[in-house]
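Here is the structure we will look at.
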Amino acid sequence: MMYKIITILMLFSAGSVFSQVNLQQNFSLTNLKLKNSEKEYKLPGISGKASSVLPISIGVLAAVYLLNPMVEYTDKKVYAGLTKEFSIGFGKLGEHRTAIEYSMVFGGNIRHYLRFSYKYDILMANGIEPSHMLQGTSVVSIGAGYFTDFKGKGVFPELTYGYSIRNHKLLFYPHVKLRHTFMITKDKPDITDISFGIILGIANPFIDVDIRRKY
């Protein structure tokens, strides 16, 4: 009789252990499925966020490419504006540049500026020669020019720093530019402005630079 009771207890204990193992395995499998489902649920959100950032970045770059932001200080007040410069270069690398720049300043009434200037680009890299291929280098540009807001006139020096991408015909010039305009017209305050963006230009429009090899 005692032998039968011990046998029944052993079978009952083994069944309990087996049931506990099955429960733990089922619980682990359930957790694994839940984790996998959470990962699968989160993935579309991450990819959607990345894909939404790309059009915004392209839009910002396009805006800076087309119109350069500008901050102006004049008559003890600060104004925001937009400006764009186009230049024509001469010389082996178009480093002697004449430029025209149009600016629009916001503050009460919109003001319109026009500038004509000469600039010289100091290329920071050594050994750059005329080439059919685009070449990049850091640049410091110094210049001066004539200013008009169609009601008054002035003259200005300017200093520009950036990274130019150029060959003997084309110029793309991401930059930061600092300038001070001395007004010649009486009762017109001087203007200090800083701008950044991309200068566009061409070089040697009337001549072909002799390039004997491609760099």
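The shown structure was predicted, so the numbers you read here are calculated from the model rather than taken from an experiment.
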Single-linkage hydrophobic cluster, 4.5 Å side-chain cutoff, [X] and [Y] together:
X: Ile202; Y: Phe172; result: yes
X: Leu134; Y: Ile88; result: yes
X: Met104; Y: Tyr113; result: no
X: Phe182; Y: Phe150; result: no
X: Ile128; Y: Tyr161; result: no

Can you check side-chain hydrogen bond (donor to acceptor under 3.5 Å, both in side chains) on Thr160 and His175, steps first, answer last?
CA-CA 7 Å; Thr160 306; His175 70 287; 5.9 Å; no
Check: Tyr79 ring centroid to Phe106 ring centroid under 6.0 Å
no
Please tell me if the side chains of [X] and [Y] come closer than 4.5 Å, counting only heavy atoms from C-beta onward.
X: Thr98; Y: Phe90; answer: yes
X: Met70; Y: Ser103; answer: yes
X: Glu85; Y: Leu200; answer: no
X: Asp190; Y: Thr181; answer: no
X: Asp193; Y: Val71; answer: no

Looking at residues at least two apart in the chain, or sitting in another chain, which of them share a salt bridge (charged side-chain N to carboxylate O under 4.0 Å, His left out) with Glu72?
Arg111
Flag, side chain of Asn68 to backbone of Lys84, donor-acceptor distance under 3.5 Å:
no
Using only atom types and a distance under 3.5 Å, with no angle test, would you say the side chain of Ser164 pairs donor to acceptor with the backbone of Arg166?
no
How long is the span from the [atom1] atom in [X] to the [atom2] atom in [Y], to the nearest 0.5 Å?
X: Phe156; Y: Ser117; atom1: CZ; atom2: OG; value: 4.5 Å
X: Asn167; Y: Leu93; atom1: CG; atom2: CG; value: 9.0 Å
X: Leu171; Y: Phe86; atom1: CG; atom2: CZ; value: 9.5 Å
X: Lys153; Y: Ile184; atom1: NZ; atom2: CD1; value: 6.0 Å
X: Leu67; Y: Ile198; atom1: CG; atom2: CD1; value: 11.5 Å
X: Ile100; Y: Leu114; atom1: CD1; atom2: CG; value: 5.0 Å

Determine, for Arg115 against Glu158, whether the closest basic-nitrogen to carboxylate-oxygen distance falls under 4.0 angstrom.
no
Give every donor-acceptor pair under 3.5 Å between a side-chain atom in residues 138-146 and any protein atom, sequence neighbours left out.
residue : atom : partner : partner atom : Å
Ser141  : OG   : Asp121  : OD1          : 2.5
Ser141  : OG   : Tyr173  : OH           : 2.9

Does Arg179 form a side chain to side chain contact (heavy atoms under 4.5 Å, CB included) with Ile194? I'd like the steps, not just the answer.
CA-CA 6 Å; Arg179 175 170 49 201; Ile194 184 170; over 6 Å; no
Apply salt bridge (charged side-chain N to carboxylate O under 4.0 Å, His left out) to residues Lys188 and Asp149 and explain how you reach the verdict.
CA-CA 10 Å; Lys188 284 277 187 178; Asp149 63 357; 3.1 Å; yes
Considering non-hydrogen atoms only, spot the tightest contact between Thr74 and Pro189 and give its length.
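Minimum heavy-atom separation between Thr74 and Pro189: OG1-CG, 3.5 Å.
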I would like to know whether Asn204 and Lys169 meet side chain to side chain contact (heavy atoms under 4.5 Å, CB included); could you show each step before the answer?
CA-CA 6 Å; Asn204 301 308; Lys169 288 294 184 182; 4.1 Å; yes
Above 12 or not: heavy atoms from other molecules or residues under 6.0 Å from NZ of Lys92?
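Check fails, neighbour count at 12 or below.
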Side chains of Tyr120 and His96: is there a donor and an acceptor less than 3.5 Å apart?
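No.
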How about Thr83 and Glu101: does a side-chain donor come under 3.5 Å of a side-chain acceptor?
yes
For Tyr102 and His112, run side chain to side chain contact (heavy atoms under 4.5 Å, CB included): C-alpha distance rounded to whole Å, both residues' side-chain angles, the deciding distance at 0.1 Å, then the answer.
CA-CA 7 Å; Tyr102 169 75; His112 304 274; 2.5 Å; yes
